[in-house]
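Everything on this sheet refers to the single structure shown next.
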Amino acid sequence: MQAPYDTDVTADVFAEARNTFNCLIGQLTAAAAASLTHDQLEETIVEQGRELQRQLLQAHLDLRALRERQQVHRARHDGPALTVTGADGVVRGRVEMGHHRLLATVVGTVSITRCAWRAPNAGNLYPADAVLSLPAVRHSAGLAKLAVIEAVRGSFDTAHAAITARCGQVIGKRQIEQLVAEAAADVDAFYAAQTLLPCTSCTVLALSVDAKGVAMRPEALRPATAKAAARARATFRTRLASGEKAARKRMATLGVVYDAEPAPRRPHDVIAVPGGGGGQRRPRARPRAQRKWLCGSIITDPGTVIAKVFDHAEARDPTHARPWVVLVDGARHQLGLIRAEADRRGIAVHIVIDFVHVIEKLWAAAWSLHPPAAPAAEDWVAAHALALLAGHTDQVVTALTAQATALPARRRDGIDACIRYLTNNAEHLRYDQALEEGWPIATDVIEGACRHLIADRFDLAGARWGLTGAEAVLKLRAVTANGHLDAYWNYHLARQHERVHQTRYQDGYALTA
């Protein structure tokens, strides 16, 4: 006599999928299909193919449910009884079948049927959920990754439209925002666990930090900015007056670490000789950034981001054998934090102020001495820039000071600001040493990161950010820019599995007799 638990074995869970597949083949082989254009054929196959994939997934899940029920029936019939022990130490030996949950996936929404293992005064456990590594929310890992890919490169509205076009109505905009926020939970742990390949001792280890404002919703502003916004009284109704700030931005701090092979140069390789003369000599190449690593945060303070940058740099050079070059734009607060972090770790760093910022200061000084658009201003800037690149900062300051004394007070603002800048930062303007050693002297890498990570995504028209969403998108954009999204996603899913499933069981989620 056949045991009762064998009655489901003959059920064909793939019958519906097989029927859909046969219908699709019938459509494509029918005479009417011969008149379809390629785009009509493509649309037919995509739409019905997605439904076929959903049915295949549903059928496999139904097959698993059948097998789980058969396992329970077999244990009841033949013994011994099966149990599962939760993290609370309670043994669940009672089984209730037919518990359902929905799962939205990239091919549509499916229903999962599984057994609940129960005990008095204890929460249910679902070992089948752990075997499938189902998320705590309704949306699958594949759908969550697609939401991340779409949301980090465009607005949430655009991401919702793209996902709907590809997957159908499986998720809303609010759910996309929630999935993106949850997806960034393990970024810091992922990078802390990485093992990095070493470089030769002569390879330059370059670090750089910068900040850029992000327009926030009022509740996400820092306290000082929120107070300033509350006190602000606009001069005009329709626009800001000169010098007024909207007091609606919060500064995000970005950091970058990269390797660069030394590329020694001379001043004339950086700046053309005044008058444009350079002969046929090809300028020597500048050092190229390799193996760039980006990070950023809008929640944590700049000191924490700088510490994270130093952590990653030390992972690349734990013995501090390589030359550490820190490229900055001259912000005093930033310089203080960098020096403090280097001193705390006992690392000798070479701080170099971005030469492009210095050039801009020279141009501001040039307009104090020359009429607007005067061709002589360019040669004047080039001559002083070449002197700075040669290491003659003191001589440039002396020359500017002498020229400034001949100017009336109303025309001295630009040149006085340049003199102060050069004087205050003289110790970080050793461009002669930097060029001789082959170090980079510009912050183009971090400047580009600010444009790419912040401006291209956060400055979309009308965008106002909450703190959690902004932090998540910034971190995930950095992971994507680093080329680590796939590796991070695997790490994130493993950590998510631990949090959602493994922590709920005492000795794993396998059933025991």
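Judged by distance alone, the side chain of Tyr431 and the main-chain N or O of Ile353 form a donor-acceptor pair under 3.5 Å. Here the side chain of His160 pairs a donor or acceptor atom with the backbone of Ile171 at under 3.5 angstrom. Using modelled atom types, one side-chain atom of Thr503 and one backbone atom of Arg499 make a donor-acceptor pair closer than 3.5 Å. Put simply, the side chain of Gln40 gets close to the backbone of Thr37: a donor and an acceptor are under 3.5 Å apart. Remark: the backbone N or O of Ala161 is not paired with any side-chain donor or acceptor of Thr164 at under 3.5 angstrom. Judged by distance alone, the side chain of Thr203 and the main-chain N or O of Cys199 form no donor-acceptor pair under 3.5 Å. Side chain of Glu177 to main chain of Gly469: no donor-acceptor pair is present (N/O by atom type, distance under 3.5 Å, no hydrogens or angles). Here the side chain of Arg284 pairs no donor or acceptor atom with the backbone of Asp269 at under 3.5 angstrom. Looking only at distances, no side-chain donor or acceptor of Arg50 sits under 3.5 Å from a matching main-chain atom of Val107.
Contact between Ala141 and Leu493 at its shortest, heavy atoms only, is CB-CD2, 3.6 Å. The shortest non-hydrogen separation linking Asp354 to Ala442 is OD1-CA, 3.1 Å.
Note that the CD1 atom of Ile45 and the CG atom of Leu28 stand 5.0 Å from one another [nearest 0.5 Å]. Rounding to the nearest 0.5 angstrom, the gap separating the OG atom in Ser111 from the NE2 atom in His100 is 6.0 Å. Here the straight-line distance linking atom NE2 of His139 with atom SG of Cys167 works out to 11.0 Å at 0.5 Å rounding. Rounding to the nearest 0.5 Å gives a distance of 9.5 Å between CH2 of Trp293 and CG of Leu207. Here NZ of Lys475 is found 14.0 Å from OG1 of Thr480. Values are rounded to the nearest 0.5 Å. Atom CZ of Arg265 is separated from atom CG of Leu435 by 5.0 Å, given to the nearest 0.5 angstrom.
At least one side-chain heavy atom of Leu474 sits under 4.5 Å from a side-chain heavy atom of Leu254. Counting heavy atoms from C-beta outward, Thr109 and Leu103 have side chains that stay 4.5 Å or more apart. Residues His357 and Tyr421 are in side-chain contact: their nearest non-hydrogen atoms beyond the backbone lie under 4.5 Å apart. The side-chain heavy atoms of Leu143 and Arg138, taken from C-beta on, include no pair separated by under 4.5 Å. Side-chain contact between Thr225 and Arg250 is absent, with no heavy-atom pair separated by less than 4.5 Å. When side chains are defined from C-beta on, Gln53 does not count as touching Leu57, because their heavy atoms never get closer than 4.5 Å. Put simply, the side chain of Lys361 does not reach to within 4.5 Å of the side chain of Leu422, judged on heavy atoms. Side chains of Val445 and Thr443 form no contact here, defined as non-hydrogen atoms less than 4.5 Å apart.
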For salt bridge (charged side-chain N to carboxylate O under 4.0 Å, His left out), just list the numbers for Asp188 and Lys308, CA-CA rounded to whole Å, side-chain angles, deciding distance to a tenth of an Å, and then say yes or no. CA-CA 9 Å; Asp188 292 337; Lys308 191 181 299 184; 3.1 Å; yes
Going through the distances and angles, do Lys145 and Asp486 end up as a side-chain contact (heavy atoms from CB on, under 4.5 Å)? CA-CA 9 Å; Lys145 185 177 182 181; Asp486 289 339; 2.7 Å; yes
Thr105/Arg54 under side-chain contact (heavy atoms from CB on, under 4.5 Å): CA gap, chis, key distance, verdict: CA-CA 8 Å; Thr105 75; Arg54 190 199 68 78; 5.6 Å; no
Could you check Glu314 against Arg345 for salt bridge (charged side-chain N to carboxylate O under 4.0 Å, His left out), going step by step and ending with a plain yes or no? CA-CA 10 Å; Glu314 278 202 292; Arg345 298 170 186 253; 2.6 Å; yes
Is there a side-chain contact (heavy atoms from CB on, under 4.5 Å) between Thr113 and Met97? Walk through the geometry before answering. CA-CA 8 Å; Thr113 306; Met97 302 182 188; over 6 Å; no
Test salt bridge (charged side-chain N to carboxylate O under 4.0 Å, His left out) on Arg67 and Asp62; report intermediate values, then the result. CA-CA 9 Å; Arg67 289 171 176 171; Asp62 291 343; over 6 Å; no
Starting from the C-alpha separation in whole Å, work towards a yes-or-no answer on side-chain contact (heavy atoms from CB on, under 4.5 Å) for Arg114 and Glu68. CA-CA 7 Å; Arg114 68 268 202 258; Glu68 185 183 32; 3.6 Å; yes
Begin with the C-alpha distance, continue with both residues' side-chain angles, and end with the deciding distance and a verdict on ring pair (Phe, Tyr, Trp, His ring centres under 6.0 Å) for Phe458 and Trp465. CA-CA 8 Å; Phe458 290 84; Trp465 290 86; 4.6 Å; yes
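Within the structure, salt bridge (Lys or Arg N to Asp or Glu O under 4.0 Å) contacts touching residues 157-166 (residues at least two apart or in different chains) are Asp157-Lys173.
A donor atom on one side chain and an acceptor atom on the other are not found under 3.5 Å apart for His312 and Gln194. Glu96 and His99 are linked by a side-chain donor-acceptor pair at a separation below 3.5 angstrom, with hydrogens and angles left out of the test. The closest side-chain donor-acceptor pair between Tyr191 and Asn482 falls under 3.5 angstrom. Counting only N and O atoms by type, the side chains of Gln496 and Glu182 include no donor and acceptor under 3.5 Å apart.
One finds no salt bridge joining Arg316 and Asp311 here, because no Lys/Arg side-chain nitrogen approaches an Asp/Glu carboxylate oxygen to under 4.0 Å. Ion pairing between Arg222 and Asp301 fails under the 4.0 Å rule for side-chain N and carboxylate O. Salt bridge absent: Asp259 and Lys292 never bring a charged side-chain N and a carboxylate O closer than 4.0 Å. Salt bridge status for Arg451 with Asp459: absent, with no side-chain N to carboxylate O gap under 4.0 Å. Look at Glu261 and Arg288 and you find no salt bridge, because none of the NZ, NE, NH1 or NH2 atoms lies under 4.0 Å from a carboxylate O.
Between Phe310 and Trp324, the ring-plane angle classifies as tilted under the 30° and 60° cut-offs. Taking the six-membered ring where tryptophan is involved, the planes of Phe190 and Tyr488 are perpendicular, since the angle between them exceeds 60° and thus also 30°.
Heavy atoms of other residues, nucleotides or ligands lying less than 6.0 angstrom from CD of Gln175 number more than 12. Residue Glu43 places its CD atom among 12 or fewer non-hydrogen atoms of other residues, nucleotides or ligands, all under 6.0 Å distant.
A side chain to side chain contact (heavy atoms under 4.5 Å, CB included) with Leu179 holds for exactly one of Val148, Leu146, Val137; it is Val137.
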N/O donor to acceptor pairs below 3.5 angstrom from side-chain atoms of residues 17-26, sequence neighbours left out:
| unit_1 | atom_1 | unit_2 | atom_2 | d |
| --- | --- | --- | --- | --- |
| Arg18 | NH1 | Asp12 | OD2 | 2.8 |
| Thr20 | OG1 | Glu16 | O | 3.1 |
| Thr20 | OG1 | Gln55 | OE1 | 2.5 |
| Thr20 | OG1 | Gln55 | NE2 | 3.2 |
| Asn22 | ND2 | Arg18 | O | 3.2 |

List the atom pairs, donor and acceptor, that lie under 3.5 Å between side-chain atoms in residues 325-334 and the rest of the protein, sequence neighbours left out.
| unit_1 | atom_1 | unit_2 | atom_2 | d |
| --- | --- | --- | --- | --- |
| Asp329 | OD1 | Ala331 | N | 3.1 |
| Arg332 | NH1 | Asn425 | OD1 | 2.6 |
| Gln334 | NE2 | Val209 | O | 3.2 |

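For the pair Arg457 and Phe156, the distance from NZ or CZ to the six-membered ring centre is under 6.0 Å and the angle to the ring normal is within 45 degrees.
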